[in-house]
Amino acid sequence: MTQFFETTQGIMAMGAFIGAGGLAAGSLLPIVIRLAKSGINRRPKAEVRNLAMLTVLALDDFVGASYAAVHDMPEFNPMDEGEFAFHVRDPTLALPHDANWGLFSTELSEEILWLSNRVKTHSYALDSLDLSRPGYDGFFERRQEGYAGLAAEAMDIIERMLEEFDLTLPAKPEYYRRREGLVSAIQKAGENNSRHPKARTLAHPSGSNVLQLFPKANDDAE
């Protein structure tokens, strides 16, 4: 058998076999490479979209909490002018834990992380105000305007990410017009900036569905 491959016919047959094998391998190589790339690229694409969805949901939660906060007027203790309370907690932005922000573009990732930093800074800044000063040092107006502005910025990022990553959020009730409500809050805070009498009139009027936190000054003691 080996003697056949030593003949001219054998050598030609071996060459044809090798050539055919090389041709087949060459034609299959692009397919193999394409499949390999597809397998490699599929996971990062899924990871990017998943992170985008988690981020959008976190931003949307922050917007909702901010909307509630800027429309939550403080209730004052009629027995102590310096004591007041809100009905909802201060908004926080809880981004996905241990997220690989490198999956996003540098511009988008920085925009998200800077927003998170500004939310914390705004909270620290409010804590630094002297509430014993006249008009509570503009605390209420600064709180309302600050969270409204941050929430509006978060909504801009959400809209950008929904389009960029082909995402969809559940529909909101028609009457829940958050952007209009936030813009209105910013305008109102600007008009009432650092006015003590205005700060005192922030309490909800009678008929509000908000639970009263302090007893009225003329309530009979039980």
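What you see is a predicted model; the values in this text were computed from it and never measured. Index from 1, following the sequence.
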Exercise. Return yes if some donor-acceptor pair links the side-chain N/O of Q144 with the main-chain N/O of V70 below 3.5 Å, else return no.
Key: yes
Practice problem: For L182 and A151, work out which heavy atoms get closest and say how close. | Solution: CD1-CB, 3.6 Å
Quiz item: For the residue pair L167 and M161, what are the closest heavy atoms and their distance?
Solution: CD1-O, 4.2 Å
Quiz item: What is the distance from atom OG of S123 to atom CG of L93, rounded to the nearest 0.5 Å?
Solution: 12.5 Å
Quiz item: For E107, does the CD atom sit with more than 12 other heavy atoms under 6.0 Å from it, leaving out its own atoms?
Solution: no
Exercise. Determine the minimum heavy-atom distance between V119 and P91, stating which atoms define it.
Key: CG1-O, 4.2 Å
Exercise. Would you name the heavy atoms of V63 and A154 that are closest together and state the gap between them?
Key: CG2-CB, 3.7 Å
Quiz item: Would a 4.5 Å heavy-atom cut-off, applied to side chains only, mark F140 and L129 as touching?
Solution: no
Quiz item: Under 3.5 Å, side chain of D137 to main-chain N/O of L131, donor-acceptor pair present?
Solution: no
Quiz item: Can any side-chain N or O of S184 pair as donor or acceptor with the backbone N or O of E180 at less than 3.5 Å?
Solution: no
Self-check item: Transitive ILVMFWY side-chain link L51 to L113, under 4.5 Å
Solution: yes
Exercise. Show your reasoning for whether ring-ring contact (aromatic ring centres under 6.0 Å, His included) applies to F76 and F86.
Key: CA-CA 9 Å; F76 295 84; F86 290 104; 8.8 Å; no
Quiz prompt | Spacing of CE belonging to M53 relative to CG belonging to L169, to within rounding of 0.5 Å | solution = 5.0 Å
Self-check item: Point-to-point distance, once rounded to the nearest 0.5 Å, from CD of E75 to CZ of F84
Solution: 12.0 Å
Practice problem: For residues W101 and P96, report the shortest heavy-atom separation together with the two atoms involved. | Solution: CH2-CD, 4.0 Å
Quiz item: Any side-chain heavy atom of H122 within less than 4.5 Å of one from R118?
Solution: no
Quiz item: Could you state the interatomic distance from CG (N117) to CD1 (I112), rounded to the nearest 0.5 Å?
Solution: 14.0 Å
Quiz item: With sequence neighbours left out, what residues match Y67 under ring-ring contact (aromatic ring centres under 6.0 Å, His included)?
Solution: H71, Y176
Quiz item: Is there a side-chain contact between R160 and L108, using heavy atoms and a 4.5 Å cut-off?
Solution: yes
Quiz prompt | Heavy-atom pair with the smallest gap, counting every atom of I157 and L115 | solution = CD1-CD2, 3.9 Å
Quiz item: Sub-3.5 Å donor-acceptor pair from the side chain of S128 to the main-chain atoms of A125, do we have one?
Solution: yes
Exercise. Begin with the C-alpha distance, continue with both residues' side-chain angles, and end with the deciding distance and a verdict on side-chain contact (heavy atoms from CB on, under 4.5 Å) for L150 and F62.
Key: CA-CA 9 Å; L150 291 168; F62 170 72; 3.9 Å; yes
Quiz item: To the nearest 0.5 Å, how far apart are CD1 in I158 and CG in L59?
Solution: 5.0 Å
Quiz item: Are R179 and E159 close enough for a salt bridge, meaning some N to O gap below 4.0 Å?
Solution: yes
Quiz item: What pairs of residues pass the salt bridge (Lys or Arg N to Asp or Glu O under 4.0 Å) test when at least one of them lies in residues 86-105, not counting sequence neighbours?
Solution: D90-R143
Quiz item: Does K172 reach the side chain of D60, with side-chain heavy atoms less than 4.5 Å apart?
Solution: yes
Exercise. Starting at OG1 of T55, measure out to CZ of F165 and round the result to the nearest 0.5 Å.
Key: 8.5 Å
